[in-house]
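One structure below.
Scope of the values below: all heavy atoms of this structure, side chains included, with no hydrogens, waters or symmetry mates.
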Amino acid sequence: MNDAQRDYDIARLRTFIAIAKTGDLQAAAEQLNTSHAQVSVRLRSLEDHWGVALFKRTPSGMILTAAGAALLPEARAILAESSPNPIRKRHDPGG
């Protein structure tokens with residue numbers, strides 16, 4: 001996977017987590033400092049990639065589906081692993 005694809009995948013996961021946290025596309029967009037349209041595109045791309053709906057769209061907001069609830073801890077773990085951690089790198093014998 002090239003860096004551009006990795007960055008896009010990370011952006012999609014960040015978007016997914018922001019929507020799960022806020023329950024709202026516009027609030028997620030504001031949290032991520034991006035547009036509502038970009039949040040919508042990223043979510044649709046992630047749902048298309050997995051072939052499942054990650055949220056139920058309701059008049060009162062976005063609610064995680066069972067698939068979304070299963071993905072949330074994994075998404076958080078992936079983001080935690082992808083974040084720069086200078087302490088871990090400094091003490092990693094392979095790093």
Side-chain angles (χ1 to χ4, degrees):
M1 175 185 309
N2 64 40
D3 287 344
Q5 182 61 44
R6 180 183 173 280
D7 291 346
Y8 183 65
D9 289 343
I10 295 298
R12 291 190 305 176
L13 291 177
R14 281 194 179 111
T15 300
F16 167 71
I17 291 169
I19 297 167
K21 182 178 178 181
T22 64
D24 182 77
L25 293 177
Q26 185 59 43
E30 290 169 8
Q31 179 181 325
L32 297 168
N33 198 31
T34 192
S35 70
H36 180 282
Q38 187 61 41
V39 167
S40 184
V41 165
R42 287 177 187 165
L43 175 58
R44 180 64 58 203
S45 174
L46 197 57
E47 289 179 323
D48 288 348
H49 174 78
W50 289 101
V52 296
L54 299 172
F55 293 93
K56 179 179 179 186
R57 284 104 169 129
T58 72
S60 60
M62 307 286 280
I63 301 170
L64 283 169
T65 62
L71 178 60
L72 187 57
E74 296 296 322
R76 287 181 173 145
I78 290 167
L79 286 184
E81 285 295 315
S82 71
S83 296
N85 186 336
I87 294 172
R88 181 174 21 162
K89 288 181 180 178
R90 212 175 316 136
H91 290 63
D92 181 6

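Every residue two or more places apart in sequence or in another chain was checked for a side-chain hydrogen bond (donor to acceptor under 3.5 Å, both in side chains) with S40, and none qualifies.
Considering every non-hydrogen atom in both A67 and A53, the closest pair reads CB-O, 4.0 Å. Closest approach of A75 to L13, counting heavy atoms only: CB-CD2, 3.9 Å. Across all non-hydrogen atoms, the minimal contact from A27 to T22 is CB-CB, 3.7 Å. The minimum heavy-atom distance between S82 and I10, with the atom names listed, is OG-CD1, 3.6 Å.
For residues 45-69, the ring-ring contact (aromatic ring centres under 6.0 Å, His included) pairs, not counting sequence neighbours, are F16-F55.
Within the 4.5 Å cutoff, side-chain heavy atoms of L72 are placed close to those of L64. The shortest distance between side-chain heavy atoms of L46 and T15 does not fall below 4.5 Å. Side-chain contact check for T34 versus R42: some heavy-atom pair is nearer than 4.5 Å. With contacts defined as side-chain heavy-atom distances shorter than 4.5 Å, the pair L79/R14 qualifies. You'll find the side chain of H36 stays beyond 4.5 Å of the side chain of E30, heavy atoms only. Residues L43 and V41 form no side-chain contact, since every pair of their non-hydrogen atoms from C-beta on lies 4.5 Å or further apart.
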For the pair I19 and D24, evaluate side-chain contact (heavy atoms from CB on, under 4.5 Å) and give the outcome as yes or no after the intermediate values.
-> CA-CA 6 Å; I19 297 167; D24 182 77; over 6 Å; no
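Salt-bridge formation is not detected for the pair E47/K56: no Lys NZ or Arg NE/NH1/NH2 atom is positioned less than 4.0 Å from an Asp or Glu carboxylate oxygen. Comment: R6 does not engage D9 in a salt bridge, judged by the lack of any side-chain N to carboxylate O separation of less than 4.0 angstrom.
L71 contributes atom CG, which lies 7.0 Å from atom CD1 of I78 (distance to the nearest 0.5 angstrom).
Cluster annotation: I17 is connected to V52 through the hydrophobic network of ILVMFWY side chains, with a link wherever side-chain heavy atoms come within less than 4.5 Å.
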